[in-house]
Amino acid sequence: MGFGKYSSSSKISALVVDDDTIIQKIHKALLTKLGLEVNVVANGKEVLDLYRSGTSFDLIFMDMEMPIMDGPEATKELRAMGVQSIIMGVTSRDLDSEKEAFIASGLNDCYMKPLTISKISSLLQELMKKN
Amino acid sequence: MESTLHQQISAMKQSLLDEGFVDGHFVELELLEDGDNLHFTEEIITLFFTDSARLIVDVEKELNNDPIDYSKVDKILHQFKGSSSSVGANRVRLQGTKLRESCKDGDVEGWKAALKQLKKEHATLKEKLDTYFQLVKQLGSEKKTMWHPNEGQVDMLAKNQLMKMAITKDEKVEFGHKDMVKKGTGKEPGKVVTEEEAVKVVSDEESVQMVAK
């Protein structure tokens, strides 16, 4: 774990993509507390800009609805670029159809907001098993 | 032995949970506090109240337009739902949902009543949490911790004394270089627990237990 260029250490690198300042802070604090190295951007275009500049992350937590470029569009673009990072969708939308459409854009999975210690701990456990 | 102030804070938090003012997401915010971020919860809640007050003003403004753009109202209330859910503002979130449903139904009398109630819930929660954080600040000046083995509970700890751990309910999670949680074997009541000795165990039951290594 922790092979993302963003991470300067052996820590897992994570990117929080959300236009909501409160969510940015909560998710950053949560992921940092669980030992990840975390960066934050406010929309899908900023993620693409980072990857095009050569930066990459082990984990991306992608909000669904954002201005400029939303989660589904950014995810499709990243996958089209050949990005292999784990991309977890994060949404407060209830409808299964909306979540399924988001997942279909190229996500590894989708969570309801907000992320919790329990959800991320389970995710990290799964990742460690695979590695 | 628990201080009176700590008991007061615990009782108040339990009451906020029992009465549905806040839910587990609020408790989880407090679990994210540590030495670098001792007032994280208060910071987030303050942001929430600033943000949500603005959203309520925006939604009222839209609802006073003629004709009403209900899609715009829905967008604002969706955002409101997201942020109130994230901070565990349970009753405020539920009332926001009621308002949203009334608007979707085009029920004018319904949304007028729901909006009024939303403002009331919002103000009530703010008042309660302002009181809560005042008490927490008072307690925060206390650096020592007391561990009472009989109760299995601990007085409020200065967050910077806790090791960073995360476990799922009834399971112990090991990831990275973090050590497994060990149950404490007990100490004399009143013994001060130092940073080196302290391990914080967090469960989904929202109870915080301090155990000794």
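To find a chain, count down the sequence lines: A is the first, B the second, and so on, and within it residues start at 1.
No other option in A:Lys25, A:Arg93, A:Met112 has as many heavy-atom pairs under 4.5 Å with chain B as A:Arg93. Contact count versus chain B (heavy atoms, under 4.5 Å) is highest, among A:Thr116, A:Thr21, A:Ile23, for A:Thr116.
Within the 4.5 angstrom heavy-atom criterion, only side-chain atoms of B:Leu29, from C-beta onward, approach chain A. If you measure heavy-atom distances from B:Phe40 to chain A, the contacts under 4.5 Å come from the side chain alone. A:Leu30 touches chain B through backbone and side chain together, each having a heavy atom under 4.5 Å away.
Here the side chain of A:Ser13 pairs a donor or acceptor atom with the backbone of A:Asp58 at under 3.5 angstrom. For B:Asn64 (side chain) and B:Glu60 (main-chain N/O), a donor-acceptor pair under 3.5 Å exists by modelled atom type.
Between B:Leu16 and B:Leu129, some side-chain heavy-atom pair lies under the 4.5 Å cut-off.
Distance check, rounded to the nearest 0.5 Å: CG of B:Leu63 to CH2 of B:Trp111 gives 4.5 Å.
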Check: Should B:Leu135 and B:Gln138 be marked as a side-chain contact (heavy atoms from CB on, under 4.5 Å) after you check the CA-CA gap, both sets of side-chain angles, and the distance that decides it?
Finding: CA-CA 5 Å; B:Leu135 293 175; B:Gln138 275 178 252; 3.9 Å; yes
